[in-house]
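Notes follow once the structure below has been shown.
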2 protein chains.
Amino acid sequence: MNGNNAENCRTACFHPELVEQVREAMPGEPLQGDLAQLFKVLGDHTRIRILNALYHSELCVCDLTSILGMNQSAVSHQLRVLRDAKIVRSRKLGKNVLYSLDDSHIFDLIRVGFEHVQEGK
Amino acid sequence: MNGNNAENCRTACFHPELVEQVREAMPGEPLQGDLAQLFKVLGDHTRIRILNALYHSELCVCDLTSILGMNQSAVSHQLRVLRDAKIVRSRKLGKNVLYSLDDSHIFDLIRVGFEHVQEGK
DNA sequence: TTATCATATGAGCAGATATTCATATGAACC
DNA sequence: GGTTCATATGAATATCTGCTCATATGATAA
């Protein structure tokens, strides 16, 4: 679309063929937006703690509140964000709502992420 | 540390043993902070586009600027964030600086993330 | 050295977001 | 029905963050 604008350098650095090749290999905008949104939701301290708890067991809001040591409203707000992003599932059980990780991809992302930060020492 | 505070429910919902078990299984605070930080840096539209470009080839700042259609300052700022987070590496080559993904974990995270958002249709 | 090119950085602003407080919903039990 | 308990939600605020503009750095070439 917008090829080489005035910002581009004009000598050895600029590789039009490579640029075009990479452009075509890249996923479409909507998919990239979805991916960024997924990681953005994962990228919060409170939500990561929630996910690490759910990594080990399905839990109700009350137990999560206790584990995190936060007030219930804050936890529920973050659970809503995680649910909207299809990162956790919920099911009702009497008065309670039980939360769990949505699917194996979420387990994988958390595991691989930890491997990376642990290697960085 | 802060066990069952006044916020917790007092009936069928609260499971002290499970809560304690999950607490012990969870990673330490610094590690969880590192993980949240990793995902936070991944969770930005511009940075995801940069990473998707680098997924296919090592690239200089100028080529990235052209691929993204953004001004060079914005791209450099985001590259600094990615470098600080150990998500990309850089090496000098004459006047240029070539960027690439840091290691296989980053490739894995992008791939698994895409699998997840694509399944969600 | 001086000029030029590629990249990096600092300050400032505009938009996004996590928490708190107060309140609403909705199911279970009396 | 009405009450209690577990969870959800709306509004407000304080903090954070990405972009732009201007400028700095650092390497190459003349």
Side-chain angles (χ1 to χ4, degrees), chain A residues 4-15 19 33 36-37 39-51 58-85 88-100, chain B residues 4-15 19 33 36-37 39-51 58-85 88-100:
Chain A
N4 22 2
N5 53 41
E7 291 258 23
N8 299 132
C9 48
R10 297 169 272 300
T11 59
C13 157
F14 186 56
H15 310 100
V19 164
Q37 180 61 24
F39 285 129
K40 175 175 292 181
V41 174
L42 293 175
D44 172 78
H45 189 232
T46 296
R47 290 192 289 264
I48 277 293
R49 289 168 71 215
I50 291 175
L51 296 175
E58 184 183 50
L59 293 165
C60 69
V61 178
C62 158
D63 286 340
L64 280 168
T65 299
S66 170
I67 290 167
L68 301 192
M70 298 180 65
N71 77 54
Q72 176 267 320
S73 176
V75 174
S76 273
H77 274 294
Q78 297 307 332
L79 284 171
R80 186 187 191 336
V81 174
L82 288 167
R83 234 183 324 125
D84 289 349
V88 304
R89 321 181 143 280
S90 65
R91 64 184 181 100
K92 289 206 172 187
L93 189 68
K95 279 191 282 196
N96 304 317
V97 179
L98 298 180
Y99 282 85
S100 56
Chain B
N4 22 0
N5 51 44
E7 290 256 26
N8 299 134
C9 48
R10 296 170 275 302
T11 60
C13 157
F14 187 55
H15 310 99
V19 164
Q37 181 60 25
F39 285 129
K40 176 175 292 182
V41 174
L42 293 175
D44 173 79
H45 190 231
T46 297
R47 290 192 291 264
I48 277 293
R49 290 168 69 214
I50 292 174
L51 296 175
E58 183 183 52
L59 293 165
C60 68
V61 177
C62 158
D63 287 339
L64 279 169
T65 299
S66 170
I67 290 168
L68 301 192
M70 298 180 65
N71 77 55
Q72 176 267 321
S73 176
V75 174
S76 273
H77 274 292
Q78 297 306 332
L79 285 170
R80 184 185 190 341
V81 174
L82 289 166
R83 233 183 325 121
D84 289 350
V88 304
R89 323 180 142 278
S90 65
R91 66 187 180 97
K92 290 206 170 186
L93 189 68
K95 277 191 282 195
N96 303 319
V97 179
L98 299 180
Y99 282 85
S100 55

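Below, chain A is the first sequence line, B the second, and so on; all start at residue 1. This one's a predicted model, so the numbers in the text were calculated from it and none came from an experiment.
Atom CZ of A:Arg83 is separated from atom C1' of D:dT9 by 11 Å (rounded to the nearest Å). As a whole-Å value, the separation of B:Lys92 NZ from D:dG26 P is 7 Å. Whole-Å rounding puts the B:Leu82 CG to C:dT9 P distance at 14 Å. Rounded to whole angstrom, the span from the NZ atom of B:Lys95 across to the P atom of D:dA24 amounts to 20 Å. Atom CG in A:Asp63 sits about 8 Å away from atom P in D:dT7, given to the nearest Å. Atom CD1 of B:Ile50 is separated from atom C1' of C:dT7 by 13 Å (rounded to the nearest Å). Rounded to an integer number of Å, the gap from B:Leu42 CG to D:dT17 C1' is 16 Å. Distance B:Asn96 CG to C:dT4 P: 19 Å, rounded to the nearest Å.
The phosphate of D:dA6 (OP1 or OP2) has no side-chain N or O of A:Tyr99 nearer than 4.0 angstrom.
For the pair A:Leu59/B:Val19, no side-chain contact is recorded, criterion being any heavy-atom separation below 4.5 Å from C-beta on. A:Cys62 is not listed as a side-chain neighbour of A:Asn96, based on a closest heavy-atom distance of 4.5 Å or more. Between B:Asp63 and B:Ser66, the closest side-chain pair of non-hydrogen atoms is not below 4.5 Å.
At a cut-off of 3.5 angstrom, counting only N and O atoms as typed in the model, there is a donor on one side and an acceptor on the other between the side-chain of A:Gln72 and the base of D:dA8.
In terms of heavy-atom proximity, B:Arg83 sits nearest to B:Ser90 at CD-OG, 3.5 Å. Between B:Thr65 and B:Met70, the shortest heavy-atom contact is CG2-O, 2.9 Å.
Every residue two or more places apart in sequence or in another chain was checked for a side chain to side chain donor-acceptor pair (under 3.5 Å) with B:Gln37, and none qualifies.
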Q: Mind running side-chain contact (heavy atoms from CB on, under 4.5 Å) on B:Leu64 and B:Leu79 for me, showing each step along the way?
A: CA-CA 10 Å; B:Leu64 279 169; B:Leu79 285 170; 4.0 Å; yes

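Side-chain proximity of B:Cys60 to C:dG26, C:dT7, D:dT7: nearest is C:dT7.
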Between the protein and nucleotides 18-21 of chain C, list every N/O to N/O distance that falls short of 3.5 Å.
from	atom 1	to	atom 2	distance (Å)
C:dA18	OP1	A:Arg47	NH2	3.2
C:dA18	OP2	A:Arg47	NH1	3.0
C:dT19	OP1	A:Thr46	OG1	2.5
C:dT19	OP2	A:Gln78	NE2	2.9
C:dT20	OP2	A:Asn71	ND2	2.8
C:dT20	O4	A:His77	NE2	3.4
C:dC21	N4	A:Ser73	OG	2.6

